[in-house]
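Here the structure is laid out as structure tokens; the discussion comes afterwards.
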Amino acid sequence: MSNYVLEVEQLAKSFKYFQFGPVDLQVEKGTVIGLVGENGSGKSTFFHLVLQLLSPDRGTVHCLTHDISVNSSTAKEKIGYAGNNIYEGYGQLTIKQLAQLVSYWYRHWDKDKYRTMIEKYQINEKEKYQNCSAGTKKKVEFVFAMVHSPQLLLLDEPFSGVDIRSKRKMQEELADFMENPHNAIILSTHQQEEMNALCDYLWIMDQGTIIAKVEKDEILQQWMRVWLKDLPNEIKQHRYVVEYDVETPNIVTNNFEEMEKVLARSNVAYTHFKRMELDEILAYIMEEGR
Ligand SMILES: Nc1ncnc2c1ncn2[C@@H]1O[C@H](COP(=O)(O)OP(=O)(O)OP(=O)(O)O)[C@@H](O)[C@H]1O
């Protein structure tokens, strides 16, 4: 049995001003992946192509071995998607009416779970969707993504505009979801706090392609700013040195473990070192990938 929840091969689409892909990827069960990248790098487009809300020019998408272009409804039953304003076309409906409509799409829509979540997030079911606040719309999308017990969650900036208490509840909900080792999540975010709290891996998207896939804990451990007694050329030019500053001699290394050995071999002493923030590391990786 495959250990992948999602398998994407050569997924590509051309727009007038933007080329997406080709993108190849596999999502293992039990992992939470953060999709990060600058505005317009293609994160939402990725979700739309995976779900065939946009038809790709080429490529295949398999969710738990079901080809989404062939067994669309079987594959989509396994996926919970919360995107940006996906229910905007149904804005005239109240949340209750919208829930009834969406429940027809899923055989495993859990009415009790729906009721519990609506109460938990204090969503007024009588409100028309179009009149809901931006944060409430996000919560509605989140609830709709969760209640049919999917195995894969695709969440496009799920916490944007959501208040602090609700965000905490949502994050707890996602932690519970990941208690099941068969589940997986891909979520896009611009917030390092969300990456820190939730993600195992970060996939960095730039200009329609994934330029790097990194393990979050590993980069937090290995990327380091190190202050040195002196800065010889061999250190400046070393492959593990991403940046250096000669004035207050220091380097940014992407492999601290190896760099310590290199410094020892070169007889270069360091005075101190400092861990880097995820934001800072990601900015370097994006710059390098260009
Ligand atoms: N339906 C479409 N028609 C034309 N171009 C499109 C369409 N959908 C996406 N694009 C192109 O894809 C690009 C990437 O957009 P996308 O929404 O995927 O970016 P993003 O990474 O999600 O950005 P953000 O971080 O701002 O949400 C857009 O700049 C646009 O050029």
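Remember, it's 1-based here, ligands and their atoms both numbered in the order they're listed.
- What sits closest to atom 31 (O) of ligand 1 on the protein, heavy atoms only, is F18 CB, 3.5 Å.
- The two residues V143 and Y121 come nearest to each other via the heavy atoms CG2-CD1, 4.0 Å.
- Using a cut-off of 4.0 Å between Lys/Arg side-chain N and Asp/Glu carboxylate O, D245 and R225 are scored as not salt-bridged.
- Near T45, with a cut-off below 4.0 Å to any heavy atom, the atoms of ligand 1 are 9 (C), 12 (O), 14 (C), 15 (O), 16 (P), 18 (O).
- Heavy-atom distances between E38 and ligand 1 reach below 4.0 Å in at least one pair.
- The protein non-hydrogen atom at the shortest distance from atom 17 (O) of ligand 1 is S44 CB, 3.6 Å.
- Listed by number with element, the atoms of ligand 1 under 4.0 Å from a non-hydrogen atom of E157 are 25 (O), 27 (O).
- Closer than 4.0 Å to atom 13 (C) of ligand 1 lies at least one heavy atom of the protein.
- The shortest N or O to N or O distance between G40 and ligand 1 is below 3.5 Å.
- By the 3.5 Å distance cut-off applied to N or O atoms, G42 is counted among the residues near ligand 1.
- Within a 6.0 Å radius of CD in Q19, other residues, nucleotides and ligands contribute more than 12 heavy atoms.
- The environment of K236 atom NZ is dense: over 12 non-hydrogen atoms of other residues, nucleotides or ligands sit within 6.0 angstrom.
- Using a 4.0 Å cut-off between charged nitrogen and carboxylate oxygen, E172 and K169 do not count as a salt-bridge pair.
- With a heavy-atom cut-off of 4.0 Å, H190 touches ligand 1 through its side chain alone.
- Among all protein heavy atoms, the one lying closest to atom 21 (O) of ligand 1 is K43 NZ, 2.8 Å.
- Heavy atoms of Y17 found under 4.0 angstrom from ligand 1: none, in either backbone or side chain.
- Taking both residues in full, the closest heavy atoms of M146 and L153 are given as SD-CD1, 3.5 Å, listed atom of the first, atom of the second, then distance.
- One hydrophobic cluster, built from ILVMFWY side chains closer than 4.5 Å, holds both L54 and L11.
- Ranking protein heavy atoms by distance to atom 2 (C) of ligand 1, first place goes to F15 CE2, 3.5 Å.
- Residues D200 and T31 have side chains that never bring a donor and an acceptor to within less than 3.5 angstrom of each other.
- Within the 4.0 Å heavy-atom cutoff, K16 does not count among the residues contacting ligand 1.
- Residue, atom and distance of the protein heavy atom nearest to atom 26 (O) of ligand 1 are N39 ND2, 3.0 Å.
- Put simply, the side chain of K137 reaches to within 4.5 Å of the side chain of Y129, judged on heavy atoms.
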